[in-house]
J.: 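This is the structure I want to talk about, given as structure tokens.
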Amino acid sequence: MAEKREDSSPGRGAMEDTPLMRELTRDHARRKKLEGLEFARPENTRVITVANQKGGVGKTSTTVNVAAALSMGGLNVLVIDADPQGNTSTALSIDHHAEVPSMYEVLVESAPLSDVIQPVPDMERLFCAPATINLSGAEIELVSLVARENRLRNAIRDHLEERDQQGLDRLDYVLIDCPPSLGLLTVNALVAAREVMIPIQAEYYALEGLSLLLNNIDLIRQHLNPDLVVSTIMITMYDVRTRLAAQVAQDVRDHFPEQTLETSIPRSVRISEAPSYGQTVLTYDPGSSGALAYRAAAHELNTRPAP
Ligand code: ADP
Ligand code: MG
């Protein structure tokens, strides 16, 4: 028995090649690299829409955790929840029951953003414009409104101007979380932004449906927002233990070598647990591989030149 156990216990060389060892080594390197890293302020406010019409690919997790990482790096960040499900608002611990003024009032009733923005608890430089269930009606109500595709863009422009006039510190980032569809809410988000960030889940059907999203982005660029660029692709839910994940990630990098962040986000149970505590993974478990990855990804995003 004893002999058998000795046989099956891997030697040091073998240990280093297990997925777990690779993960630990990567986290250690990441932790060291992140120590004392500065987040330089971008020259202008960067408005980034996080879009992918597929559900469950990590849009919301990416929005809230990147936003948290940027704000903890000393930057002023506004998160706009444009998904009627309100998962972003939940994850940031923002009140969003039906009576709370929300993106519905902004988009449909032309309320100024400053009427609905709430500070995120315990996060000094992080703010959120919540989504309530009312926003689900906006998709239909917007159809009959004037400039229906430009309503979010106008709201953000007015808000930035208003802050400027009041002498408030400039926002460094506005991150917009989209619903899993290509309807008018997503169109508004794509018209409002300069950049699109696409989270791609490292799973089998990852690239399927992507051409539809890219076609839509092309159409918006042609007709409504000539400056729009897909600046960032983020590989999410990367499972180091599967060869499939590595293949998909390689595929994504081959297709989008410039846009894909070096940092991919690992599959991590901490990331999925955090929202039920009304927290981002950065505060829920700062030392976890998910938190480290989102900090590294946010730093990478901030370091790359803005388009
Ligand atoms: P989307 O907004 O695109 O629908 P979410 O961010 O809500 O996607 O993620 C879908 C589900 O997967 C959620 O339950 C979330 O907690 C979980 N999840 C997201 N990213 C990760 C990850 N890196 N590891 C493990 N679970 C994740
Ligand atoms: Mg979501």
Side-chain angles (χ1 to χ4, degrees), residues 19 23 26-27 30 48-69 79-94 96 102-103 128-133 135-136 139 175-183 185-186 188-190 196-210 212-213 232-242 244-246 248-249 252 261 263-298:
E23 227 166 310
R26 180 204 60 208
D27 284 357
R30 217 162 246 172
I48 306 180
T49 282
V50 181
N52 189 331
Q53 80 278 17
K54 272 196 196 184
V57 299
K59 287 183 292 297
T60 297
S61 309
T62 294
T63 306
V64 300
N65 291 309
V66 166
V79 174
I80 293 180
D81 191 354
D83 182 355
Q85 294 178 87
N87 294 339
T88 291
S89 313
T90 305
L92 294 175
S93 222
I94 296 292
H96 63 112
S102 73
M103 287 311 297
C128 175
T132 61
I133 188 69
L135 195 59
S136 56
E139 199 84 70
L175 297 183
I176 309 168
D177 187 25
C178 287
S181 71
L182 293 168
L185 288 169
T186 298
N188 261 274
L190 291 171
V196 191
M197 168 151 68
I198 306 177
I200 294 183
Q201 193 181 352
E203 300 261 318
Y204 187 51
Y205 293 114
L207 292 174
E208 207 153 279
L210 200 61
L212 184 63
L213 175 60
T232 311
I233 290 185
M234 167 123 48
I235 296 168
T236 63
M237 298 185 228
Y238 185 84
D239 189 340
V240 285
R241 285 162 304 184
T242 71
L244 176 66
V248 172
V252 172
L261 292 181
T263 315
S264 26
I265 308 302
R267 191 169 271 291
S268 146
V269 73
R270 293 307 206 204
I271 291 176
S272 55
E273 283 170 357
S276 51
Y277 297 89
Q279 289 199 44
T280 68
V281 74
L282 276 87
T283 51
Y284 176 64
D285 190 350
S288 65
S289 57
L292 292 170
Y294 269 121
R295 278 177 63 202

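Just follow the structure's listing: the first ligand is 1, and inside any ligand the first atom is 1. Only a predicted model underlies this, so the values are computations on that prediction, with no experimental measurement involved.
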J.: Do we see a donor-acceptor contact under 3.5 Å between the side chains of Y294 and T263?
T.: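 T263 and Y294 do not have a side-chain donor-acceptor pair below 3.5 Å.
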J.: Relative to the heavy atoms of V57, which atoms of ligand 1 are at a distance of less than 4.0 Å?
T.: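 The atoms of ligand 1 under 4.0 Å from a heavy atom of V57 are 1 (P), 3 (O), 8 (O).
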J.: Return a yes/no value: protein heavy atom under 4.0 Å from atom 11 (C) of ligand 1?
T.: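 Flag for atom 11 (C) of ligand 1 set to false, no protein heavy atom closer than 4.0 Å.
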J.: Looking at the Mg ion (ligand 2), is one of the N, O or S atoms of T88 less than 2.8 Å from it?
T.: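 No.
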J.: Run the side-chain contact (heavy atoms from CB on, under 4.5 Å) check on I198 and L210 step by step: do they pass?
T.: CA-CA 9 Å; I198 306 177; L210 200 61; 3.9 Å; yes
J.: Does the residue P180 have a heavy-atom contact with ligand 1, meaning some pair of atoms that are separated by less than 4.0 Å?
T.: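 Per 4.0 Å heavy-atom rule, P180 does not contact ligand 1.
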J.: Mark yes or no for whether E139, through its side chain, and L185, through its backbone, hold a donor-acceptor pair below 3.5 Å.
T.: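 Side chain of E139 to backbone of L185: a pair is present.
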J.: Is P275 close to ligand 1, meaning an N/O of one under 3.5 Å from an N/O of the other?
T.: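 Min N/O separation from ligand 1 is not below 3.5 Å for P275.
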J.: Between S289 and R30, is any pair of side-chain heavy atoms under 4.5 Å apart?
T.: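 No, side chains not in contact.
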J.: Of all the heavy atoms in T236, does at least one lie under 4.0 Å from an atom in ligand 1?
T.: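 It does not; every heavy atom stays at 4.0 Å or beyond.
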J.: So is I271 touching ligand 1 or not, going by heavy atoms under 4.0 Å?
T.: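 Distance cut 4.0 Å: I271 passes for ligand 1.
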J.: Give the numbers and elements of all ligand 1 atoms closer than 4.0 Å to a heavy atom of I265.
T.: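 It comes down to these atoms of ligand 1: 23 (N).
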J.: Backbone or side chain, does any N or O of V269 fall under 3.5 Å from an N or O of ligand 1?
T.: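 N/O-N/O distance under 3.5 Å: no.
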J.: Please could you name the atoms of ligand 1 that P266 approaches to less than 4.0 Å, counting only its heavy atoms?
T.: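 Under 4.0 Å from P266, ligand 1 has these atoms: 22 (C), 23 (N), 24 (N).
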J.: Pairing donors with acceptors under 3.5 angstrom, does anything connect the side chains of T60 and N87?
T.: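 T60 vs N87: no donor-acceptor pair found between side chains.
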J.: If you define the side chain from C-beta out and look only at heavy atoms, does anything of Q53 sit under 4.5 Å from T186?
T.: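 Q53 does not reach T186 side chain to side chain.
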J.: Between N52 and Q201, is there a side-chain heavy-atom distance shorter than 4.5 Å?
T.: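 Q201 does not reach N52 side chain to side chain.
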J.: Do any nitrogen or oxygen atoms of S268 lie less than 3.5 angstrom from nitrogen or oxygen atoms of ligand 1?
T.: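 N/O-N/O distance under 3.5 Å: yes.
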J.: For ligand 1, which is the ligand I care about here, please tell me if D177 has any N or O atom under 3.5 Å from one of the ligand's N or O atoms.
T.: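 So ligand 1 has no N or O lying under 3.5 Å from an N or O of D177.
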J.: My question is simple, although I want it checked carefully: is atom 14 (O) of ligand 1 less than 4.0 angstrom from any protein heavy atom?
T.: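 Not a single protein heavy atom is under 4.0 Å away.
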J.: Are the side chains of V240 and P266 in touch, meaning some heavy atoms are under 4.5 Å apart?
T.: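 V240 vs P266: side chains apart.
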J.: Between E273 and D285, is the side-chain contact (heavy atoms from CB on, under 4.5 Å) condition met? List the steps.
T.: CA-CA 10 Å; E273 283 170 357; D285 190 350; over 6 Å; no
J.: Would A293 count as a contact of ligand 1 if the rule is a heavy atom under 4.0 Å away?
T.: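 Checking ligand 1 against A293, which is what was asked, there is no heavy-atom contact under 4.0 Å.
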J.: Regarding atom 6 (O) of ligand 1: of the candidates S61, A274, G290, which has the closest heavy atom?
T.: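 Selected option, by shortest heavy-atom distance: S61.
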J.: What protein heavy atom lies closest to atom 4 (O) of ligand 1? Include the residue and the distance to one decimal.
T.: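 I find the closest protein heavy atom is G56 N, 2.7 Å.
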J.: Nearest heavy atom to atom 7 (O) of ligand 1 wins, so pick from V50, V281, V64, T60.
T.: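 Minimum heavy-atom distance to atom 7 (O) of ligand 1 goes to T60.
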J.: With side chains defined as the heavy atoms from C-beta onward, is the minimum distance between H96 and C128 less than 4.5 Å?
T.: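 No; the side chains remain at least 4.5 Å from each other.
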